[in-house]
Amino acid sequence: MSEPFGTRLRRAMDERGPLCVGIDPHASLLADWGLGDDVAGLERFSRTVVEAVADRVAVIKPQSAFFERFGSRGVAVLERVVEETRAAGALVVMDAKRGDIGSTMAGYAEAFLRKDAPLFSDALTVSPYLGYGSLAPAVELARESGTGLFVLALTSNPEGPEVQHAVRADGRSVAATVLAHLAAENTGAEPLGSFGAVVGATVGDLSSYDLAINGPLLAPGVGAQGATPADLPAVFGSAVGNVVPNVSRGVLRHGPDIAALRAATAAFAGEIRAAVAGS
Ligand SMILES: O=C(O)c1cc(=O)[nH]c(=O)n1[C@@H]1O[C@H](COP(=O)(O)O)[C@@H](O)[C@H]1O
């Protein structure tokens, strides 16, 4: 059986630090880089980011939306990004935020978590808002293939709370329920479970939530959305050691110069290391 994602992630975080760099080829960034808003521009952009940082960060998170926008040729670029990233030693978290009824979810799981799939990734972002149980086929395949999931719990966008903070009949919020399911998935896993939560670095006070899920916490929102590495200890408290902070535009805006992309990545990585160490 393959080594579980959580084990591989913990090792990568220990060796390279916890930073995740997101590859989000927005049309505006392609223009800023002097590239066309076309497949050639997409390919140049994303492969430049891989060349600049995939040999030094623990995780790369390609945002599938910006590749899918170009149809099958964009998806072909995404396949190469996945392959080159893994070859450079970083783990790939595919940000496709899939979620559907269980029988269809099985198809999405096959697309990203089955070993011989063209988009086989180390982990996939998924939405539990068709009911956590609808994700069961993805959980099952992830266990088999040594991959992981990042399940949306408390997202960084301002619209999230209307769903995620909703309180159920038993008095527990929807997001707390998602976190409890993840803690159950990760029971007994060492050194870290493979079933993570997405918890935005922008969400503010989390003291009423139990983040001790024995799994990773993917934290987007650092950089362009306003959170800083220094905010992480206050937001995540004693769970900060399991946080994988994602920075996309905060790094990408420094391209296309490879040295500048590396310098921005190193600056975020250093600030994150200092914030986590000082907490
Ligand atoms: O799952 C995610 O990664 C995600 C969840 C969330 O709550 N908020 C959020 O911003 N994201 C993603 O994280 C990235 C953030 O990008 P920047 O704001 O440019 O750093 C984008 O790819 C978003 O789709």
Side-chain angles (χ1 to χ4, degrees), residues 5 9 18-33 42 45-46 49 53 57-69 74 78 81-82 85 90-99 108 112 121-129 135 138 148-165 174-175 178-179 182 195-204 206 209 211 215-229 231-232 235-236 243-255 261 264-265 267-269 271-272:
F5 171 68
L9 177 63
L19 175 64
C20 167
V21 170
I23 304 185
D24 295 48
H26 295 258
S28 59
L29 281 170
L30 295 177
D32 292 348
W33 283 35
L42 176 77
F45 182 97
S46 43
V49 180
V53 305
V57 297
V59 184
I60 296 273
K61 182 173 74 69
Q63 175 47 262
S64 177
F66 295 114
F67 296 83
E68 291 177 49
R69 179 165 102 76
L78 183 57
V81 165
V82 169
T85 297
L91 299 173
V92 174
V93 172
M94 179 59 69
D95 194 356
K97 293 196 182 63
R98 295 308 199 245
Y108 283 132
F112 297 102
S121 301
D122 297 287
L124 173 69
T125 58
V126 293
S127 170
Y129 295 115
L135 301 177
L149 297 176
F150 283 100
V151 182
L152 300 179
L154 290 150
T155 59
S156 69
N157 57 317
E159 302 85 2
E162 78 176 21
V163 174
Q164 297 152 18
H165 292 182
V174 169
V178 171
L179 291 167
L182 290 168
F195 300 95
V198 179
V199 178
T202 53
V203 297
L206 287 173
Y209 287 96
L211 298 176
L217 301 166
L218 178 66
V222 176
Q225 295 179 50
T228 68
D231 296 332
L232 297 172
V235 176
F236 290 95
V243 171
V244 179
N246 175 82
V247 181
S248 302
R249 285 167 293 178
V251 166
L252 303 173
R253 68 185 181 81
H254 295 276
L261 286 166
T265 300
F268 275 109
E271 285 176 45
I272 289 164

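All ligand and atom numbering here is 1-based and tracks the order in the structure.
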| request: With sequence neighbours excluded, tell me which residues meet ring pair (Phe, Tyr, Trp, His ring centres under 6.0 Å) with Phe67. | output: none
| message | To the nearest 0.5 Å, what is the distance between CG on Asp122 and CD1 on Ile60? | response | 11.5 Å
Could you give the N/O to N/O pairs under 3.5 Å linking ligand 1 and the protein, each with its distance?
residue: ligand 1; atom: 1 (O); partner: Lys97; partner atom: NZ; Å: 3.1
residue: ligand 1; atom: 3 (O); partner: Lys61; partner atom: NZ; Å: 3.0
residue: ligand 1; atom: 3 (O); partner: Asp95; partner atom: OD2; Å: 3.0
residue: ligand 1; atom: 7 (O); partner: Ser156; partner atom: N; Å: 2.8
residue: ligand 1; atom: 8 (N); partner: Ser156; partner atom: OG; Å: 2.7
residue: ligand 1; atom: 10 (O); partner: Ser156; partner atom: OG; Å: 3.4
residue: ligand 1; atom: 10 (O); partner: Gln225; partner atom: NE2; Å: 2.8
residue: ligand 1; atom: 13 (O); partner: Lys61; partner atom: NZ; Å: 3.2
residue: ligand 1; atom: 16 (O); partner: Ser248; partner atom: OG; Å: 3.3
residue: ligand 1; atom: 18 (O); partner: Gln225; partner atom: NE2; Å: 2.8
residue: ligand 1; atom: 18 (O); partner: Arg249; partner atom: NH2; Å: 2.8
residue: ligand 1; atom: 19 (O); partner: Arg249; partner atom: N; Å: 2.9
residue: ligand 1; atom: 19 (O); partner: Arg249; partner atom: NE; Å: 2.6
residue: ligand 1; atom: 20 (O); partner: Ser248; partner atom: N; Å: 3.0
residue: ligand 1; atom: 22 (O); partner: Asp24; partner atom: OD2; Å: 2.5
residue: ligand 1; atom: 22 (O); partner: Lys61; partner atom: NZ; Å: 3.2
residue: ligand 1; atom: 22 (O); partner: Gln63; partner atom: NE2; Å: 3.1
residue: ligand 1; atom: 24 (O); partner: Gln63; partner atom: NE2; Å: 3.0
residue: ligand 1; atom: 24 (O); partner: Lys97; partner atom: NZ; Å: 3.4

| said: Going by ring pair (Phe, Tyr, Trp, His ring centres under 6.0 Å), name the residues that satisfy it together with His26, two or more places apart in sequence or in a different chain. | reply: Phe66
| query | Does Leu218 reach the side chain of Thr125, with side-chain heavy atoms less than 4.5 Å apart? | reply | yes
| message | Given 3.5 Å as the limit, does a donor-acceptor pair link the side chain of Ser127 with the main chain of Gly99, or not? | response | no
| request: Only counting residues at least two apart or in another chain, list the ones meeting ring pair (Phe, Tyr, Trp, His ring centres under 6.0 Å) with Tyr108. | output: none
